[in-house]
Amino acid sequence: MELEATPDGEVFSSNDEMQELWPLGEVDPKKARFPCCIVWTPLPVVSWLAPYIGHVGIAREDGTVMDFAGSNLVSVDDLAYGSAARCLQLDRQKLSECRGCPTLFHTTSLFHICCFPANLAEHVCARSHEHSEAGTAISWDDALRSGARRFEHKCYNLFTCNSHSFVADCLNRLAYGGSVGWNVLNLAALIWLRGRWLDRAAAVRSFLPFAAVSCVGVLMAGWSFLLGMAAFSLLLLGWFVLGVYCLKGLVG
């Protein structure tokens with residue numbers, strides 16, 4: 001394979017060549033293999049009241065899922081709360097879409113973008129301070145490993161530091177989509193708007209408890225029960241909006 005050289009001497013390959021060098025395996029729910037995917041599964045009790053809330057993990061290039069499963073615990077190949085129900089395979093080419101970065105590097109080990117060069121002295125991005133705060137990585141799996149090392153020393157809390165926090169941290173280390181502003185809210189929106197159900201049974205497993213709780217609640221307490229569930233959802237959403245955008249640092 002031939003490599004093209006830029007006038008300044010940087011070496012890069014085309015996106016097609018990159019796919020030939022580093023092909024991803026197929027998504028295989030039966031073997032729990034989701035290469036470069038974000039996966040989602042419902043949370044017991046919480047998802048029964050608010051079905052849009054769940055537990056997420058992010059998979060390495062070989063498809064092995066990593067997730068922040070509890071305080072000081074990042075699980076590998078053992079997704080907490082059951083098998084994945086939804087998944088979204090991320091585009092590795094979007095790791096090179098860093099706004100403000102004038103150069104692009106690829107190497108045979110995987111790929112480097114100027115924000116994550118092998119030699120940090122080569123960091124030429126106009127937003128280098130933001131990337132320094134988010135952390136640095138030289139590959140997809142390296143970002144997940146460094147994110148895991150950080151969260152192995154964090155306490156799990158559904159409201160301030162949860163599985164979404166871990167995945168968002170990994171995406172920031174990768175500057176995925178040219179952004180280091182990933183958080184629990186835009187990550188949740190990404191998986192719900194662009195993710196897909198793995199099968200019908202997964203969708204039923206996710207919504208059946210919510211439907212059952214709603215029916216029992218209406219029978220016992222009337223339609224006011226649904227108003228209470230709606231208020232709960234709004235309060236929960238308001239908490240995360242407040243913690244992410246108003247009181248920065250409150251929600252990890």
Side-chain angles (χ1 to χ4, degrees), residues 38-58 65-75 79-82 84-88 130 133-135 147-148 150-174 176-177 179-195 197 203 205-218 220-252:
I38 298 174
V39 297
W40 180 95
T41 192
L43 276 171
V45 182
V46 179
S47 295
W48 302 353
L49 301 175
Y52 57 86
I53 294 178
H55 180 80
V56 296
I58 187 168
V65 176
M66 302 175 66
D67 65 302
F68 184 42
S71 296
N72 309 314
L73 175 63
V74 176
S75 295
L79 184 65
Y81 308 111
R86 293 174 67 87
C87 82
L88 171 64
E130 295 180 20
E133 291 175 358
R150 180 188 178 203
F151 276 77
E152 284 172 350
H153 301 283
K154 282 183 170 289
C155 293
Y156 184 96
N157 186 300
L158 178 64
F159 299 102
T160 59
C161 185
N162 54 44
S163 61
H164 287 70
S165 306
F166 167 64
V167 175
D169 181 77
C170 291
L171 294 183
N172 285 329
R173 291 172 187 275
L174 290 163
Y176 183 74
S179 173
V180 290
W182 291 99
N183 55 57
V184 297
L185 288 177
N186 53 28
L187 173 63
L190 178 70
I191 188 66
W192 270 102
L193 295 177
R194 297 185 54 194
W197 295 105
R205 173 167 62 91
S206 300
F207 285 103
L208 184 59
F210 170 73
V213 168
S214 298
C215 290
V216 172
V218 169
M220 296 182 63
W223 293 104
S224 59
F225 178 80
L226 294 183
L227 293 177
M229 291 183 68
F232 170 76
S233 294
L234 288 176
L235 286 173
L236 201 58
L237 180 60
W239 164 260
F240 285 111
V241 170
L242 179 69
V244 170
Y245 296 110
C246 300
L247 300 176
K248 293 186 178 181
L250 181 61
V251 178

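For the numbers below, each heavy atom of this structure counts, side chains included, while hydrogens, waters and symmetry mates do not.
Not a single donor-acceptor pair under 3.5 Å links the side chain of R194 to the backbone N or O of L88. Of the possible polar contacts, none joining the N186 side chain to the A189 backbone as a donor-acceptor pair under 3.5 Å is found. In this structure, the side chain of D67 does not engage the main chain of S163 through any donor-acceptor pair within 3.5 Å. Between the side chain of N172 and the main chain of G181, a donor-acceptor pair closer than 3.5 Å is present.
Closest approach of P51 to F207, counting heavy atoms only: CB-CE2, 3.7 Å. In terms of heavy-atom proximity, C170 sits nearest to G147 at SG-CA, 4.4 Å. Smallest separation of non-hydrogen atoms from P42 and R205: CD-NH1, 3.9 Å. Nearest heavy atoms, G195 versus R86: O-NH2, 3.0 Å.
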Distance-only donor-acceptor hits, side chain of residues 223-246, under 3.5 Å, sequence neighbours excluded:
residue, atom, partner, partner atom, Å
S224, OG, A221, O, 3.0
S233, OG, M229, O, 3.2
W239, NE1, F159, O, 2.8

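Taking the six-membered ring where the residue is Trp, F151 and F166 present perpendicular rings, their angle passing 60° and hence far from 30°. Taking the six-membered ring where the residue is Trp, W40 and W192 present perpendicular rings, their angle passing 60° and hence far from 30°.
Distance CG/N72 to NE2/H153: 8.0 Å, rounded to 0.5 Å. Here the CG atom belonging to L158 is positioned 6.5 Å from the CG atom belonging to L43, to the nearest 0.5 angstrom. Going from atom SG of C87 over to atom CD1 of I191 covers 7.0 Å, rounded to the nearest 0.5 Å. A distance of 13.0 Å separates OG in S206 from CH2 in W48, rounded to the nearest 0.5 Å.
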Quiz item: Which is it for N162 and Y156 under the side-chain contact (heavy atoms from CB on, under 4.5 Å) test, yes or no, and what are the steps along the way?
Solution: CA-CA 6 Å; N162 54 44; Y156 184 96; 4.0 Å; yes

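Counting heavy atoms from C-beta outward, L79 and H55 have side chains that approach closer than 4.5 Å. Side-chain contact between S47 and Y81 is absent, with no heavy-atom pair separated by less than 4.5 Å. With a 4.5 Å cut-off on side-chain heavy atoms, L49 and V213 count as touching.
For R150, the side chain to side chain donor-acceptor pair (under 3.5 Å) test picks out D169, with sequence neighbours left out.
Just one residue in the list V184, L187, V39 forms a side chain to side chain contact (heavy atoms under 4.5 Å, CB included) with V167, and that residue is L187.
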